[in-house]
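Reminder, nothing fancy here: chain letters follow the sequence lines and each chain counts from 1. As a basis for the values below, the full set of heavy atoms in this structure was taken, side chains included, without hydrogen atoms, waters or symmetry mates.
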Amino acid sequence: MSWEKELIEKANEIIDLYPEKRSALAPLLYLAQERDGYISDESIVEISNLVGITEVQVKSVASFYSMYKEEQTGKYLLSVCKSISCEINDSRSVIDSVKEFTGLENYETDVDKVFTFEEVECIGACGGAPAVQINYETVEGLTPQKSIELCEWLKEEKPEVVVAEELQNMFGGVKSFDWAINDNTGSSYSVPGFQNIGTAKEKRI
Amino acid sequence: MTDKITINVNGSEISTEPDQLIIEACEDSGIHIPRFCWHKRMDPVGMCRMCLVEIDTPRGKALVPSCTTKVSEDLIVDTESEVVKKAQEGVLEFLLINHPLDCPVCDKAGECPLQDQTMAYGPGESRFVEDKRHFEKPIPISEIILLDRERCILCARCTRFSDEISGDPLIEFIQRGNKTQVNTFPDEPFRSYFSGNTVQICPVGALTSTSYRFKARPWDLKKVSSTCNCCSVGCSVELNVSQNKMLRILGEDNDFTNQGWLSDKGRYNFEYLHSDKRITLPLLIDSSTQEVSINESMDLISNEIFSHKKSSVSFIVGPNSTNEEYFALNNFVNDLKEKNDNSENINIYFSDDYLYKGFFENQEKLGEIKDLDLADTIILWSQDIKDNLPTLYLRIKQAVKNGKKLLIFGHTNTAIKELTEHYFGEEIINKNFEFNVEISEIPDLEEFILDKNVVAILGKSSPIQDVEPITELFQYLNEKSNLKVLNAFSKGNTFGALQNIDCVKGLNEFVNEFDESKRNLVFTIGANPVNNSVLSKKIKDRLIMSDFVVALDMFLNETTELANIILPTTSYGEKEGTVTNLEMRILKQNKILPVPGSALSDWEYWSMLLNKIDNEKLFESEIELNSLMCDEYIDKEILPSFENLNKPQNLDGILNFKPINIEIENINLINLEMLFVHRLYGDSSSQINSPSISMLGSERFIEMNYATYFGSYMLNNDVVTLTQDDVSIQVNVYINDSLPDNLIIIPINRRGFQNLDPQKKVELEVANSREQLSVS
């Protein structure tokens, strides 16, 4: 399925922001991921036509970065940090409890497509270790117990949009510092919420 | 010339150009630094770390990659220190962590840089006990290339080549870290005209050719340098033969011509040499086909030629003979004219639709390929350069990369439009290739050429084209700029034929001068004008009307099957001689294969026939012909004799000139709607008899823009029917929006288009199924 007209218009708006068309590649890949939940081959063909490089060059970039998913993810992408600061603050037991709750191994998605679990390298929240991201929205200072509550809540409530601030208030603990930009837009699917490229979701009212 | 600087390598001083890389400077002084990723014709990347050397820095000695570090005055380099050796051992040990040790079954073994350098610089043993990385092996990434990802050491030579040099990046690194692999996009094979070069530059056996896989071991190969005959660039090649079979052709680095690269046609077009369809004995075609001896056939032919003095004798020559052979033919033709006292009706025609008078009058103006590197502006108005002079396209691409400006005229060369500063299409030039505006008023043209160094690559874009506008452009450029011109005739040894035949005419002259009322004898020499020409139909009619047709060829084809007698000939690799490329550089072709059956080279036939005219005359050998031929070259200082060409300093060829005389009338047509082009791959006898590449020319499609005839209903790969009188051809459509409205591009060297009359209109009809689709 080739891209919808509105999506192509959005893509062209993004391309216009750059002096070189191919510079728009990374944000366009997020558009593709938001559309399908992963970077599909159809999207790669579409992007290669839009920015004027070959399909395999798009694929090369898309497969290099681990935040671009090559396979469909669940509604909630659980990224638990395993880098050094989190490891010291016992992220291992957070990982174990999330694994136990969801029954998933690394990079697995459950049959209902609710959760995808992954262990990731540093997500830049060392001050609030251990930290996790739900659809790239960061929650800091988690405990094994809180992480299970978080998963239970996601499973029952199935919120369309997750917002870091809310998750932090409900399940988080120690927080490193307030983020410079107060971003309460939140995200859905496994795409970071970028307001200016249109992958961010407005906060629920 | 900038001043040289001095650096110190391993304790001795060497002098080098500033701005050179350490690895280059050392190489030039005979100090070899091991490397995998660095290639002198490509930008350095520093991927493999094999070329680490120690240099003195303000902070003490440091290991740096010599392929990305430039020399500086008084730089101290050590390429053999203990630290360097340890680094080399370490790099090799790491590379071998995942490289499979399947050398016994690997085609590269024996000429493998990884194997050789492991022997020379490696640690001798591995400490690695874990499992190696595994991939499916090998996978085809195109019809002619196979990829074994386990063997790949990620040097990025192939991906850089396809991006930087050939400009069709269809292979790239996929994934990251331990999973990194070279691959193509699914359903988008590595279909490049230059893909074979990646096999040649791969430092391991990761990329292999279907045609060479498991055929030979490198140490069993017999090798000889020669010159490719596929287009008139005259790329330097190395022919690799084992057990009297040509197995592989490699590019040799000749700075004047190909810089080491080859097109896939030049590289893989050789299997036909050993095809069982080759004609190896003279064939007499009467009511049935029978084999005859050479002597019988010569008697028969001389009888036909000499018995009727007033008959018209036409020689249609192809581009695959050597200069010596054209020279021998010319001699024979001159003596025949004298003997028959009939110079009017004996003519030599060259079988190339694109031949016209060209620009040869002023030798000073003739450019070299190397001039492209120094020009400010490159003007291109010719047939599709990527298809017809592929390695010249690579040179142009390099020039553009180095900041030279490329301007393209006309409706061809749309495939390289993105390289241009300006593409002067339909607003400037109409469909008949005439200027819509005065040349001096073409916007932006003057600023690119006024008092600048301009190289113009000029030739007909289409077989039926008024050449007057090209001449106008030439004259304008000549007045305004410092002009060098390259005549873009593309077929094999065209320029050798022009240099060594007193007067060359075109196929159109053959058609027009043919006089039914006379007795007609026609010789075709390695030419197949009944296929591949816009005049094919007319030529076929005339060959059928002729009284006696002699064909010198290697195969039965559309032309030779109309002959009365077929004489088996030889190909390059089976004869010694010289060829002339488009800059008038004379290059050597060498013999490495035995001649099959009773086949003889063209010159031997001409020599025997000459002997029939005059008992005294006989050419003994190629060397004798070569020395006779040399006498007529203008520059006596350096003649293109075998002796001179075999000298080490002349291996890159000798530039020399002869007066050129082409008698061709301007073909002027109005209301052109079909533009005939030649694609790299077609249905020539040699290609269809080379199994590895025979399928590459089988696709039939025409090109037109979106709006032509059907508006937006057209889609890529739709099927249309071309109709003209009783001819009807079903083909696929390829949408090319760089074309003007109502212009159809037809690849004349692909089967099925030969019956179209270029002077009549064609009807286009969308195939039914598609029409219904577009309505619903």
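For Asn183(B), the part sitting under 4.5 Å from any heavy atom of chain A is the backbone (N, CA, C, O) and nothing else. Of the two parts of Gln175(B), the backbone and the side chain both hold a non-hydrogen atom closer than 4.5 Å to a non-hydrogen atom of chain A.
Contact check for Phe185(B) versus Thr54(A): no side-chain heavy atoms found under the 4.5 Å cut-off. Two residues are said to be in side-chain contact when any heavy atoms from C-beta on lie closer than 4.5 Å; Pro186(B) and Asp41(A) meet this criterion.
Applying the 6.0 Å contact sphere to CD1 of Ile84(A) captures no more than 12 heavy atoms from other residues, nucleotides or ligands. Remark: Arg22(A) CZ is loosely packed, at most 12 non-hydrogen atoms of other residues, nucleotides or ligands lying under 6.0 Å away. Atom CD of Glu130(B) has more than 12 neighbouring heavy atoms from other residues, nucleotides or ligands inside a 6.0 Å radius. The environment of Asp444(B) atom CG is dense: over 12 non-hydrogen atoms of other residues, nucleotides or ligands sit within 6.0 angstrom. Around atom CD of Glu421(B), more than 12 heavy atoms belonging to other residues, nucleotides or ligands sit under 6.0 Å away. Heavy atoms of other residues, nucleotides or ligands lying less than 6.0 angstrom from CZ of Phe94(B) number 12 at most. Shown here is Lys99(A), whose NZ atom has more than 12 heavy atoms of other residues, nucleotides or ligands within 6.0 Å. Within a 6.0 Å sphere centred on CD of Glu20(A), other residues, nucleotides and ligands contribute 12 heavy atoms or fewer.
Put simply, CD on Glu172(B) and CD1 on Ile53(A) are 9.0 Å apart, with the number rounded to the nearest 0.5 Å. Atom CD of Glu55(A) is separated from atom CG of Leu170(B) by 8.0 Å, given to the nearest 0.5 angstrom.
Of all residues in residues 57-79 of chain A, those placing a non-hydrogen atom less than 4.5 angstrom from a non-hydrogen atom of chain B are Gln57(A), Lys59(A), Ser60(A), Ser63(A), Phe64(A), Ser66(A), Glu70(A).
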